[in-house]
S.K.: 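Please see the structure below; I have some questions.
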There are 2 protein chains.
Amino acid sequence: MANILERPLITITNIIWSFDRATQQIQVLLVKRAHAPFKDSWALPETFMRANESADEATLRLIKEKIGLTLTEFHTEQLATFTDRRRTTDERALSLAYMTFLPEMSPLQAGYGATDARWFTFGFLKKTYQLSNQQLHFQTTNATADQYYQKLPATKSAEQLAFDHQWILTVACQRILNKLDYQPNILMILGASFTLREARTIYAIFRKTTLNAIDNSNFKKTHQHLFLEAGTTSQLRVGRPARLYRLKPQN
Amino acid sequence: MANILERPLITITNIIWSFDRATQQIQVLLVKRAHAPFKDSWALPETFMRANESADEATLRLIKEKIGLTLTEFHTEQLATFTDRRRTTDERALSLAYMTFLPEMSPLQAGYGATDARWFTFGFLKKTYQLSNQQLHFQTTNATADQYYQKLPATKSAEQLAFDHQWILTVACQRILNKLDYQPNILMILGASFTLREARTIYAIFRKTTLNAIDNSNFKKTHQHLFLEAGTTSQLRVGRPARLYRLKPQN
DNA sequence: TCAAAAGTGTTCGTAGTACACCCATGT
DNA sequence: ACATGGGTGTACTACGAACACTTTTGA
């Protein structure tokens with residue numbers, strides 16, 4: 001009986017988001033894999049779950065390993081679990097995927113299992129989202145899950161993310177978009193407080209539109225119930241100083 | 001290195017929903033466990049994932065084992081993955097939780113690992129939902145995940161569902177409620193086609209209100225975009241025969 | 001013919017959109 | 001002073017809620 005029970009490897013895959021205030025761009029962390037499979041391919045940061053470690057603790061350890069950051073307060077939420085057998089080529093592995101929203105853009109250090117670690121700028125291109133770092137570009141897909149996994153074995157190449165990470169990234173973007181109007185946790189990448197303009201910047205990218213296409217007055221009226229005023233104002237650019245807001249704690 | 005990697009058991013937990021047209025009640029399947037741990041406790045149907053079996057295939061096998069039903073067409077969707085170490089008492093096990101919406105209420109047969117299998121009527125009681133079968137009652141919780149798992153080790157009793165199934169059920173109800181207005185897959189338990197009254201019956205229960213509190217005229221206007229007319233009318237009760245609708249295929 | 005249930009239509013209030021106008025700062 | 005961006009206010013529109021009214025069946 002025990003033999004037919006499979007005990008596959010449990011991989012924690014983490015999509016780590018942050019925000020670059022200097023360029024007002026959303027960033028996603030990718031690492032270059034040091035080992036096979038997919039050696040030298042870019043991938044979402046992963047780690048194996050260890051004994052006596054919860055998924056949350058594994059996520060925390062992953063962040064510490066990959067970017068040398070020990071956060072006291074940060075937000076991680078479960079995305080989904082990916083179990084399709086075609087997602088790995090050799091030994092079977094399930095992926096428990098999480099998303100982490102870092103309140104700042106930390107400098108990176110490539111940790112165990114990676115020869116490089118970089119922030120990729122998150123944007124959009126026609127109908128898909130895109131991660132860019134200099135000449136490197138990775139796009140999300142418009143395929144369905146069935147379509148994607150069917151074609152996956154044939155699409156192995158250096159231009160693609162490792163494993164099914166393109167699909168995981170696609171699901172992540174869709175989830176964030178869906179939650180923008182009622183639980184915009186993605187705004188946590190703006191840190192403790194933010195201006196309405198910064199919030200609109202993020203909304204604009206996920207909605208594949210421009211900042212100016214989102215009217216500030218209307219945005220305030222429709223989303224203010226999600227925010228709390230954070231009193232003081234900042235002063236970084238020309239024009240009238242903006243008020244600061246912070247995310248209203250949910251529930 | 002390999003030794004520190006944990007390979008916990010992978011449990012597939014399935015919340016199986018159906019609808020009893022005779023009594024117009026929502027039903028959830030529970031089984032009585034044949035083996036330790038939680039021997040003789042009621043629980044959500046579970047199975048271990050086997051080698052060379054995807055989570056979807058395991059779900060299909062579980063339905064076949066528990067209720068002897070081989071469906072060609074049915075809908076299963078992922079709920080979440082539960083990894084808290086406190087969820088099991090002995091060996092650690094992750095739970096990949098899925099929801100299945102059966103298009104009919106099948107007769108049951110207790111399969112392997114269960115001494116009994118019954119449909120429980122789904123209703124609500126004050127602030128919680130409740131599963132009832134004669135003198136048996138199981139409620140959802142209003143605690144947070146942290147609160148729930150902290151108290152879990154102390155709450156083992158025959159009056160409670162096994163493991164953290166109370167929490168899994170709570171998350172499931174919340175998910176269905178959240179999706180009622182944009183992707184009401186729960187309506188699949190009504191079968192291929194349904195009347196607006198039947199749809200309102202389901203909405204009423206999840207919203208913890210009464211059927212008559214949901215105005216038929218307004219319900220049609222606000223939710224018609226989710227449905228397609230299924231032409232003919234049924235004739236089962238007094239009054240004007242109702243039109244039939246079916247769920248609009250998503251995307 | 002009356003009750004019950006389904007379907008249609010009308011009014012009203014609220015919430016989102018478009019847009020004009022005022023305010024505060026840097027150059 | 002003027003350009004830039006933030007903030008306020010107003011008119012218009014759309015959609016959901018409340019509810020009256022009509023239609024179709026069974027008893």
Side-chain angles (χ1 to χ4, degrees), chain A residues 21-25 177-184 187 190 193-246 248, chain B residues 21-25 177-184 187 190 193-246 248:
Chain A
R21 275 217 149 74
T23 61
Q24 297 279 302
Q25 287 176 327
L177 177 66
N178 285 339
K179 292 180 95 170
L180 281 184
D181 284 333
Y182 71 96
Q183 201 180 86
L187 295 184
L190 294 173
S193 63
F194 50 86
T195 64
L196 289 187
R197 160 177 280 259
E198 289 170 333
R200 281 162 51 218
T201 300
I202 291 178
Y203 277 66
I205 295 171
F206 278 97
R207 292 189 172 154
K208 301 199 184 82
T209 183
T210 63
L211 172 64
N212 288 329
I214 304 178
D215 183 275
N216 195 32
S217 169
N218 294 333
F219 181 77
K220 182 175 183 178
K221 273 183 278 188
T222 51
H223 292 83
Q224 202 173 29
H225 66 105
L226 299 166
F227 309 145
L228 292 172
E229 295 202 17
T232 51
T233 65
S234 74
Q235 188 53 37
L236 294 162
R237 66 179 70 231
V238 294
R240 178 172 173 170
R243 293 196 189 146
L244 292 177
Y245 297 86
R246 58 191 174 86
K248 187 180 282 187
Chain B
R21 275 216 149 74
T23 62
Q24 296 279 303
Q25 287 175 328
L177 177 66
N178 285 338
K179 292 179 97 170
L180 280 185
D181 284 333
Y182 71 98
Q183 201 179 87
L187 295 183
L190 294 174
S193 62
F194 51 84
T195 64
L196 289 186
R197 159 177 279 260
E198 289 169 334
R200 281 160 51 216
T201 300
I202 292 179
Y203 277 66
I205 295 171
F206 278 96
R207 292 190 172 151
K208 301 198 184 83
T209 184
T210 63
L211 172 65
N212 287 329
I214 303 178
D215 184 273
N216 194 31
S217 168
N218 294 332
F219 181 78
K220 182 175 182 177
K221 274 183 277 189
T222 53
H223 293 83
Q224 202 172 27
H225 66 103
L226 299 166
F227 309 145
L228 292 173
E229 294 201 17
T232 50
T233 65
S234 75
Q235 188 53 37
L236 293 162
R237 64 180 69 230
V238 294
R240 176 172 173 169
R243 294 195 190 147
L244 292 177
Y245 297 86
R246 56 191 175 86
K248 188 180 281 188

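As the structure is a prediction and not an experimental result, all values here were calculated from the model. Protein chains get the first letters and strands the later ones, always in sequence-line order, with residue 1 at the start of each. Keep in mind that the numbers below use all heavy atoms, side chains included, and drop hydrogens, waters and symmetry copies.
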S.K.: Tell me whether the OP1 or OP2 atom of D:dG5 has a side-chain N or O from A:Arg200 closer than 4.0 Å.
M.R.: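 Looking at the OP1 and OP2 atoms of D:dG5, neither is under 4.0 Å from any side-chain N or O of A:Arg200.
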S.K.: To the nearest angstrom, how far is A:Lys220 atom NZ from C:dC22 atom C1'?
M.R.: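 Distance check: A:Lys220 NZ to C:dC22 C1' gives 14 Å.
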S.K.: CD of B:Glu229 versus P of C:dT8: gap in Å, rounded?
M.R.: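 Those two atoms, CD and P, are 8 Å apart.
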S.K.: Any side-chain to backbone donor/acceptor pair from B:Gln224 onto B:Lys221? Under 3.5 Å, distance only.
M.R.: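 Not confirmed, B:Gln224 side chain does not pair with B:Lys221 backbone.
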S.K.: Less than 4.0 angstrom between a side-chain N/O of A:Arg197 and OP1 or OP2 of D:dG6, yes or no?
M.R.: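 Indeed, a polar side-chain atom of A:Arg197 lies that close.
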S.K.: Do any N or O atoms from the side chain of B:Arg21 and from the backbone of B:Leu190 form a donor-acceptor pair under 3.5 angstrom?
M.R.: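 Judged by distance alone, yes, a pair lies under 3.5 Å.
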S.K.: Just the rounded figure in Å: distance from P of D:dG9 to CG of A:Asn218.
M.R.: 14 Å
S.K.: Can you work out whether B:Asn216 or A:Lys221 has the more 5'-proximal nearest nucleotide on DNA chain C?
M.R.: B:Asn216
S.K.: Taking atom C1' of D:dC15 as reference, at what distance in whole Å does atom CZ of B:Phe219 sit?
M.R.: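 Going from CZ in B:Phe219 over to C1' in D:dC15 covers 16 Å.
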S.K.: Closer than 4.0 Å, any side-chain N/O of A:Arg240 to the OP1 or OP2 of D:dT8?
M.R.: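 For D:dT8, OP1/OP2 do not have a side-chain N/O of A:Arg240 under 4.0 Å.
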S.K.: Starting from P on D:dG9, measure out to CD on A:Gln224 and report it in whole angstrom.
M.R.: 12 Å
S.K.: Rounded off to whole Å, could you give me the CG-to-C1' distance for the A:Asp215 and D:dC12 pair?
M.R.: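 After rounding, the gap between these two atoms is 15 Å.
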S.K.: Using whole Å, what does the distance between atom P of nucleotide D:dC15 and atom NE2 of B:His223 come to?
M.R.: 14 Å
S.K.: Give the rounded distance in Å between these two atoms: CZ of B:Arg207 and C1' of D:dA17.
M.R.: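 So the two atoms are 13 Å apart, to the nearest Å.
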S.K.: Pick the closest DNA chain D nucleotide for A:Ser217 and for B:Thr222 by heavy atoms, then say which residue is nearer the 5' end.
M.R.: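 This one resolves to A:Ser217.
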S.K.: Tell me, do A:Thr209 and A:Tyr203 make a side-chain contact under 4.5 Å, heavy atoms counted?
M.R.: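 The answer is no; the side chains never approach within 4.5 Å.
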S.K.: Which class fits the ring pair B:Phe219 and B:Phe227: parallel under 30°, tilted 30 to 60°, perpendicular over 60°?
M.R.: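 Rings of B:Phe219 and B:Phe227: tilted, 30 to 60°.
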